[in-house]
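Structure, as structure tokens:
FYI, the numbering just counts along the sequence from 1.
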Amino acid sequence: MSICKSCKQCGAKFEITDNDLKFYDKISPVFDGKKYAIPSPDKCPPCRMRQRMIFRNESSLYHRKCSKTGKNIIAMYNENVPFPVYCPEVWFGDSWDPRDYGRDFDFNRSFFEQFAELRDNVPHLSIVSSNNQNCDFCNIVGESKDCYLTFGSIECENCYYGMPYRCKKCCDSLLLRNSELCIQCVDSDKLYECIYCQNCSNSHGLKFCYGVHNSSDCFSCVNLNQKKYCIFNKQYNKEEYEKILTGIDLTKEEVLKDIISKLENLKKELPHRCYIGTNNEDVSGNYIFNCKDCHDVYGVSECRDTNHSYQMLGVNDCMDVNSGEYGELVYEVVAFFSSVNRVAFCAFVWDSIDSVYYSTQCNKNVKDCFGCVGLKHAQYCILNKQYTKVEYEKMVARIIEHMIKTKQWGQFFPASVSTFAYNESAANDYFPLSKEEVLSQGFKWKEIEGAENKDAKDALICEVTGKPFRIIPQERAMYEKFKLALPKRSPRQRHLDRIALRNPMFLWDRKCDKCGILMRTTYAPDRPEKVYCEGCYLKEVY
């Protein structure tokens with residue numbers, strides 16, 4: 001049995017299943033001997049995902065000063081935000097205690113109002129950076145060296161622009177993994193010396209390829225496996241291949257555009273798999289690897305029993321989560337990693353978090369806390385104020401009763417609580433809106449001037465946005481190595497162009513164009529591509 005609802009935000013119909021209801025019951029907390037049921041959501045999964053994304057700023061960076069030391073830093077926040085902003089060395093240090101900002105709960109006011117006031121007083125982390133060298137212009141990056149404007153990355157070296165993962169000398173990427181010497185590659189793994197590739201793996205020497213695997217030296221090919229010296233899927237010998245490529249001048253923009261146009265036509269002629277993924281059991285969504293019982297998920301690996309989520313690694317029994325690694329029983333949370341359990345309605349919590357609700361920027365062994373900001377090594381805190389265990393249990397029970405009356409219990413933070421404007425956040429990358437649409441829907445908008453363009457005397461003008469951008473020396477050297485035309489679009493616009501190559505994070509019912517079986521896919525029924533179910537696709541390509 002399931003419940004059909006209409007989304008409070010967009011009006012779309014969506015379904016609450018029996019399994020959903022069982023999950024809400026499983027994660028509903030008990031305080032002072034009473035279980036407080038988490039209600040089913042009143043917004044559809046895409047609107048819920050978008051609301052969480054408003055709380056994550058990956059790539060909007062600013063020059064400002066550290067509020068503690070006064071030194072010049074790069075930060076997710078400009079100088080005009082109401083709260084202090086500390087550089088990582090200070091924020092993670094012992095010179096301040098977030099509990100000094102603790103306050104009593106006022107039962108005459110709403111929870112979200114009081115949480116926003118606490119947020120505006122507690123110092124915020126300027127940028128998420130861990131064990132990096134020369135990565136000042138990077139955010140949500142760890143264990144990396146000599147990178148520039150990379151985001152959500154780990155263990156990278158000499159990478160510029162985009163979202164690489166364990167890569168070296170890569171430029172302009174989107175979720176490129178375990179690769180080296182690549183330019184403009186999207187959703188690919190284990191590539192070497194490849195350019196303009198999407199959904200490719202275990203290959204080298206690919207140029208302008210889509211869905212090519214275990215291959216080398218292929219040009220403008222689609223859906224190939226274990227091939228070499230192919231051009232537009234036609235087989236050549238080595239001498240013929242090299243002679244043809246010698247006559248193609250990739251430094252000319254019109255040549256690039258012509259190649260990409262022909263590749264798009266070839267993609268329409270050949271079948272597409274209903275979803276990208278391998279080694280899965282009972283899943284739906286896109287870019288799913290080594291998962292079981294996961295539905296409406298995108299960009300997930302090694303997960304179990306997880307639904308309505310994006311960019312997950314190693315999580316189990318979770319729902320409505322974005323950008324997380326290694327957690328269990330997590331609900332309505334954006335940005336978490338490293339042992340996060342029984343956590344709900346939070347943003348940016350990491351490193352041993354247990355039974356924490358409605359909190360942000362809490363890390364390093366935080367347990368049993370409610371409505372807190374920036375805590376470390378803490379337990380039994382409410383609005384950053386310390387309580388005993390008994391006091392905590394009784395007070396949280398009272399607060400939840402109050403939130404039930406004000407209709408805030410079970411709701412994720414409203415967009416007004418976010419420290420970011422809509423167009424500063426990841427929401428605008430994946431759910432783009434115009435300024436007028438943002439304002440009409442009650443979100444915040446900000447005119448953005450990127451930190452990377454300050455004093456850019458040699459700036460070029462983006463052909464799409466009209467905003468200035470620079471070509472850095474390392475970037476120029478990589479494009480010259482591959483004899484490619486230099487970009488005429490800003491790094492930000494190129495990032496959006498790469499995202500636009502992907503299908504939307506939405507599922508439709510559609511029949512396989514080979515066998516007619518009904519399947520769930522991110523290809524809308526009215527799209528022109530031939531889309532095959534997994535079985536038919538594997539027979540056709542492999």
Are the charged groups of [X] and [Y] less than 4.0 angstrom apart, N to O?
X	Y	result
R52	E332	yes
E463	R489	yes
E193	K481	yes
R342	D317	no
D258	K262	yes
E254	K257	no

Matching residue for P164 among C182, C171, C159 - test: side-chain contact (heavy atoms from CB on, under 4.5 Å):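 For P164, the side-chain contact (heavy atoms from CB on, under 4.5 Å) check succeeds only for C159.
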Please check: side-chain N/O of [X] versus main-chain N/O of [Y], any donor-acceptor pairing under 3.5 Å?
X	Y	result
N223	P271	yes
S261	I259	no
D172	G162	no

Closest heavy-atom pair and its distance - I27, Y357: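 Answer, listing the atom of I27 first, then Y357: O-OH, 4.4 Å.
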Which atom of M76 lies closest to which atom of N57, heavy atoms considered: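 Taking M76 first and N57 second, the nearest heavy atoms are O-ND2, 3.3 Å.
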CD-NZ distance between E281 and K292, expressed to the nearest 0.5 angstrom: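 Between E281 CD and K292 NZ, I get 4.5 Å after rounding to 0.5 Å.
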Between [X] and [Y], is the ring centre distance below 6.0 Å?
X	Y	result
Y160	Y148	no
F413	Y358	yes
Y331	F345	yes

With Y310, the ring pair (Phe, Tyr, Trp, His ring centres under 6.0 Å) member among Y298, Y430, F506: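 Answer after filtering Y298, Y430, F506: Y430.
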Classify the ring geometry of [X] against [Y]: parallel below 30°, tilted from 30° to 60°, perpendicular beyond 60°.
X	Y	result
F208	Y196	parallel
F412	F55	perpendicular
Y422	F443	parallel

Intermediate values then yes/no, salt bridge (charged side-chain N to carboxylate O under 4.0 Å, His left out), K168 and D146: CA-CA 10 Å; K168 291 184 178 180; D146 298 326; over 6 Å; no
